[in-house]
Amino acid sequence: MSENRVWVALPDEAGEVARLLIGFRDDLGYDSPSDQVFIDGVTKLIADDSTDYLLGAIGDGPAVGICQLRFRYGLWQAGSDCLLEDLFVEEPARGSGLGKAMTQFAVEHAGSRGCRRIELDVNEANEPALKLYESLGFGIKSGHGGRDLYLRRNIGADS
């Protein structure tokens, strides 16, 4: 069995990053944002120090996995936070351990950037992802008499 490889994407890999994110959009059954929005957004973000993209491959093969990491300073931890977003592995590579390798790499990479916390959101119906994240120490935080929930609200024209 080939070993999984994970690396931080370089700006010249923006096209590969966008291709995988477009594949994620399609896998979710969405038809927007457009391909061009992904291409333009990745080109902008990959050059920004507050965003890193991880690419993953099996052995010497092409990238078949993507993960976006966003960094910001957090007062409550008196240090940087990392938000793990958009972890996606193409269908033929699922079950290979690449998602786990990418998540482990994300945690290590966030630590190397001085982060004190890494957070993510996951749909509760996505049992394989939940099991993966829980096996790596992620969980719902409880305190102050209840659980901390990650809530979202879209704003703007496309809400």
Which distance, rounded to the nearest 0.5 Å, do you find between the [atom1] of [X] and the [atom2] of [Y]?
X    : Y    : atom1 : atom2 : answer
D121 : D86  : CG    : CG    : 8.5 Å
F71  : C82  : CZ    : SG    : 4.0 Å
I66  : L20  : CD1   : CG    : 5.5 Å
K100 : N4   : NZ    : CG    : 11.0 Å
L120 : L69  : CG    : CG    : 10.5 Å
L55  : F105 : CG    : CZ    : 10.0 Å

Inset, instruction - Before accepting this row, confirm whether a basic side-chain N of the pair E119/K141 lies closer than 4.0 Å to the acidic partner's carboxylate O. - result: no
I'd like to know if K131 and E134 make a salt bridge, using a cut-off of under 4.0 Å between side-chain N and carboxylate O.
no
In short, salt bridge (charged side-chain N to carboxylate O under 4.0 Å, His left out) pairs touching residues 50-64 with sequence neighbours left out are D52-R113
Quick one: does [X]'s side chain get under 4.5 Å of [Y]'s, heavy atoms only?
X    : Y    : result
L136 : V107 : no
F138 : T103 : yes
E13  : W7   : yes
D27  : E90  : no

- Query: Relative to the ring of F88, is the ring of F24 parallel (under 30°), tilted (30 to 60°) or perpendicular (over 60°)?
  - Reply: parallel
Whether the side chain of R72 engages the backbone of S50 through a donor-acceptor N/O pair (distance < 3.5 Å, no angle test) should be reported. no
Worksheet item: Would Q68 and V17 satisfy side-chain contact (heavy atoms from CB on, under 4.5 Å), going step by step from the backbone distance to the final call?
Response: CA-CA 9 Å; Q68 179 174 264; V17 169; over 6 Å; no
Kindly give the heavy-atom pair with the smallest separation between [X] and [Y], and that separation in Å.
X    : Y    : answer
R5   : L98  : O-CD1, 4.0 Å
R116 : Q77  : NE-O, 2.8 Å
L130 : E124 : CD1-O, 3.3 Å
V64  : A93  : CG2-CB, 3.6 Å

side-chain contact (heavy atoms from CB on, under 4.5 Å), that's the test. Do I39 and Q36 meet it? Break it down for me. CA-CA 5 Å; I39 293 165; Q36 194 60 51; 3.9 Å; yes
Going through the checks in order, is the side-chain contact (heavy atoms from CB on, under 4.5 Å) test met by D81 and I118? CA-CA 6 Å; D81 286 340; I118 186 167; over 6 Å; no
